[in-house]
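Reading through the C-alpha cells given below for one structure.
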Amino acid sequence: MRGAIARDVGKVLAGNVGSQIAAIARGIAIPMLVTPARYGLWRILLLVWQYGVYLHLGSFALLNRELPGLLAREAHERISAMRQIAFWGTMATSSLAAIGLIALSAMPALAADPQQAWALRISAVGLVAQQGFLYLMVDFRVHKEFGRMSLLGFCQAVAALVFMLPLAYVAGVPGLALGMALAAVLAIAAFARRSAFEPPRFDLRGFARQALRGLPLSSLPLLNTAITSVGQIVAAAVLGLEATGFYGLGVMIGTLVYAIPRALGMVLYPRYLESFELDENQAKIGALLRRSIHVTSILGILTVCGVAIFLDLLYRYAFPSYLPALGSSYALLAMMPFLSYALVLQNALLALRLHRQTIGLQLLFIALSAGLSLAGAFAFDDVVWVALGVMLANTAYGIGALWLALSATRGEARSPLREILAELRPALILGGATVAMVALWRPGDALASRILTAFGQLLVLSPAAVFFGVRLLRARGGKND
C-alpha cells in the first residue's frame with residue numbers, strides 16, 4: 001500500500017508542481033504588466049472565481065465522499081443518478097450566478113470603470129466553464145486516475161499562462177479574466193470523455209438533497225477560502241486597491257508551499273474513506289494521518305525557509321514597485337506550513353465525520369483573523385499589520401486542526417500535545433534561524449552583496465536542512481523517530 005500511495009502522490013505532486021510553476025510564472029509576470037492598483041483589482045476579481053468554485057453547493061463534495069464506496073460495491077445505477085443530478089444542477093446554479101454578475105456589472109458604480117465592468121462580465125461566463133473543469137477533476141479523482149487528474153490541472157494552468165499574459169498586455173484586467181475562461185474551456189474540450197457526462201436530468205429535489213448532504217463537506221474548503229481571503233477583503237475595504245495588490249502578491253508567493261500538501265490530501269482522502277467504509281479502522285487512518293503530517297511538516301518548513309532567504313532579491317529586482325509588500329510577504333509566507341496542516345488534515349476529519357467540530361474551529365479563526373487584521377489596518381494604516389494579524393490567526397488555526405485530528409485518532413499513542421511539539425520542532429529550529437537571519441543579517445545595496453548574503457544564509461541553514469532531510473527519508477521508509 002505504501003508503494004501505491006508513493007506512486008499516486010508522485011503523479012499528483014508532478015502535476016501540482018507543474019501547475020505551481022505555471023501559476024508562479026503567471027503570478028510574477030502579471031504584476032509587471034499592471035500597476036499595483038490594477039493588480040489589486042485583479043486580486044479582488046479572483047475572489048469571484050475562488051468563491052465560484054462552491055456553486056455546486058456541496059453536490060461535488062458529496063460525489064467525492066460517496067462515489068469511492070459506491071464504486072467498490074459496483075452500484076452503477078446509483079453512481080449514474082448522483083452524477084446526473086450533481087452536474088446538471090450545478091450548471092443551473094452557475095448560470096444563475098453568471099446572470100447575477102452580468103446584472104451587477106451594469107450598476108453605475110461599476111459601469112463607470114470599463115475594466116471592472118468587462119472583467120465581471122467575462123468572469124460570469126468563466127464561472128460556468130469552471131464548474132465543468134471541476135467536475136472532470138472530481139471524476140478523475142474518485143476513479144483514482146491521478147495521472148489524468150494531474151495532467152488536466154497542469155494543462156489548464158499552462159493554457160492560462162499562455163492566454164492571460166498577452167491578453168493582459170492588450171486588454172488589462174478583462175484580458176486576464178478572458179485568459180482564465182479560455183483555459184477552462186480548452187481543458188474541458190481536451191479531456192472530457194463521454195462516459196463522465198450523463199444525459200441531462202434536472203431534479204430540483206434530488207439536487208437539494210445532495211446539496212444538503214454535501215454542504216458540510218464543502219463548508220470546510222469554503223471556510224478555508226474565507227480564512228485566507230479575509231486579509232484581502234480587509235485590505236481592499238480599509239486601505240484601497242494598491243494595498244490589496246501588495247497583499248495579493250504576498251499571498252501568491254506564499255501558496256508555493258501548498259503543492260505538497262495538496263498532493264498528499266488528494267491522494268490520501270480516498271484511502272481514508274476506503275479504510276473507514278470497510279471497517280471504520282481508525283488505527284489505519286491514524287497511521288496514514290501521522291505519516292502525512294510528518295512529511296508535510298518537514299517539506300513545508302524546508303520550502304518556506306528556502307523561499308524566505310531569496311525573497312528580498314525577488315522583490316528588489318523583479319518587483320521594485322511592490323517593495324512595500326515585502327514585510328507582509330514574510331508574514332504570509334510564515335503561516336503557510338500551518339495552513340498546510342489544515343489542508344491535509346481536513347480530509348481525514350471528513351472521513352472521521354468530524355464536520356461540526358472542524359467547522360466550529362474554522363468559524364472561530366475566521367472571526368479572529370478578521371478582528372486582528374481589521375485592528376492592524378485601522379491602528380497602523382499599513383498592509384504589513386493586516387498580514388501579521390492574518391498570520392497569527394492562521395498559525396493558531398493550523399495548530400488547532402492538528403490537535404483535533406490527533407485527538408480523534410490517538411488510541412494508545414502519546415498525548416496530542418507531545419505529538420504537536422514533536423512536529424513543530426522543524427518550525428522552531430529552521431524557522432527560528434530563518435527569522436533571525438532575515439531580521440538581523442542585512443545585505444548591502446549592491447546586487448552582488450545581496451546574492452552573497454542570500455547564499456550565506458543558505459549555507460548557515462544547510463546543516464539543519466540536511467538533518468531534517470534525513471528525517472524525511474526515514475519517514476518515507478517507515479522509520480519514524
Side-chain angles (χ1 to χ4, degrees), residues 12 15-16 19-20 23 26-27 42-65 83 86-101 119-120 122-142 149-150 152-157 159-160 164 176-177 179-185 187-188 191 207 210-211 213-230 232-233 248 251-252 255 258-259 261-263 265-266 269 339 342-343 346-347 350 358-359 362 366:
V12 178
N16 275 356
S19 300
Q20 283 287 333
R26 190 171 73 229
W42 170 240
R43 295 300 305 188
I44 292 298
L45 190 67
L46 273 179
L47 294 177
V48 174
W49 294 79
Q50 290 171 359
Y51 284 97
V53 166
Y54 305 104
L55 286 169
H56 57 79
L57 304 182
S59 59
F60 286 178
L62 187 67
L63 295 185
N64 254 333
R65 193 185 76 177
R83 294 201 307 186
F87 178 74
W88 293 106
T90 300
M91 287 297 101
T93 57
S94 58
S95 298
L96 288 174
I99 293 169
L101 277 181
L120 271 176
I122 295 167
S123 296
V125 178
L127 287 182
V128 181
Q130 184 183 40
Q131 296 304 317
F133 170 78
L134 292 172
Y135 176 76
L136 281 178
M137 292 288 283
V138 169
D139 185 67
F140 291 145
R141 182 178 177 182
V142 298
M149 182 187 75
S150 299
L152 171 61
F154 173 70
C155 290
Q156 186 273 340
M164 289 174 72
L176 294 172
M180 287 268 285
L182 286 174
V185 171
I188 294 168
F191 284 85
F207 183 68
Q210 288 191 189
R213 291 177 62 200
L215 191 59
L217 307 177
S218 60
S219 294
L220 270 71
L222 171 61
L223 292 173
N224 279 342
T225 301
I227 287 170
T228 55
S229 62
V230 161
Q232 205 158 286
I233 294 169
V251 171
M252 183 276 297
T255 53
Y258 268 121
R262 183 180 291 120
M266 286 182 175
Y269 184 40
L339 278 181
L343 183 66
Q346 74 176 24
N347 294 299
L350 284 173
T358 309
I359 290 171
Q362 289 174 308
I366 288 173

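Nothing here was measured: the structure is a model prediction, and the numbers come from that model. Counting begins at 1 with the first residue of the sequence.
Ala124 approaches Ala98 most closely through the heavy-atom pair O-CB, 3.2 Å. The two residues Gly214 and Leu62 make their nearest non-hydrogen contact at CA-CB, 4.1 Å. The nearest pair of heavy atoms linking Gly132 to Phe87 is CA-CE1, 4.4 Å. The minimum heavy-atom distance linking Ala160 with Arg26 is given by the pair CB-NH1, 3.5 Å. Across all their heavy atoms, Leu57 and Phe207 have their closest contact at CD1-CE2, 4.0 Å. Looking at every heavy atom in both residues, Ala177 comes nearest to Ala119 through CB-O, 3.9 Å.
Note that the OG1 atom of Thr225 and the CD atom of Gln362 stand 9.5 Å from one another [nearest 0.5 Å]. For the atom pair OG of Ser123 and CG of Leu101, the computed distance is 7.5 Å after rounding to the nearest 0.5 Å. Atom OH in Tyr54 sits 13.5 Å away from atom CZ in Phe60 (nearest 0.5 Å). The CG atom of Leu215 lies 13.0 Å from the CD atom of Gln210; values are rounded to the nearest 0.5 Å. To the nearest 0.5 Å, atoms CZ (Phe191) and CE (Met149) are separated by 12.0 Å. Interatomic distance, CG of Leu136 versus CZ of Arg141, reported as 14.5 Å (0.5 Å rounding).
Listed by first and then second residue, the side-chain hydrogen bond (donor to acceptor under 3.5 Å, both in side chains) pairs involving residues 127-137 amount to none (not counting sequence neighbours). Sorted by first and then second residue, the side-chain hydrogen bond (donor to acceptor under 3.5 Å, both in side chains) pairs with a member in residues 92-101 form an empty list; sequence neighbours excluded.
Looking at heavy atoms from C-beta onward, Leu120 lies in side-chain contact with Leu45 at the 4.5 angstrom threshold. By the 4.5 Å heavy-atom criterion applied to side chains, Leu222 and Tyr51 are counted as neighbours. Side-chain contact between Met180 and Leu46: present, with at least one pair of heavy atoms (C-beta onward) separated by less than 4.5 Å.
Every residue two or more places apart in sequence or in another chain that forms a side chain to side chain donor-acceptor pair (under 3.5 Å) with Arg83 is listed here: Asp139, Glu198. Evaluation of the side chain to side chain contact (heavy atoms under 4.5 Å, CB included) rule for Ile233 yields Leu47, Ser229 as partners, not counting sequence neighbours. By the side chain to side chain contact (heavy atoms under 4.5 Å, CB included) test, Ile99 pairs with no residue at all, sequence neighbours left out. Applying the side chain to side chain contact (heavy atoms under 4.5 Å, CB included) criterion to Ile366, with sequence neighbours excluded, gives Leu223, Ala226, Ile227, Val230.
Although no hydrogens or angles enter the test, the distance criterion places a donor-acceptor pair under 3.5 Å between the side chain of Gln232 and the main chain of Arg43.
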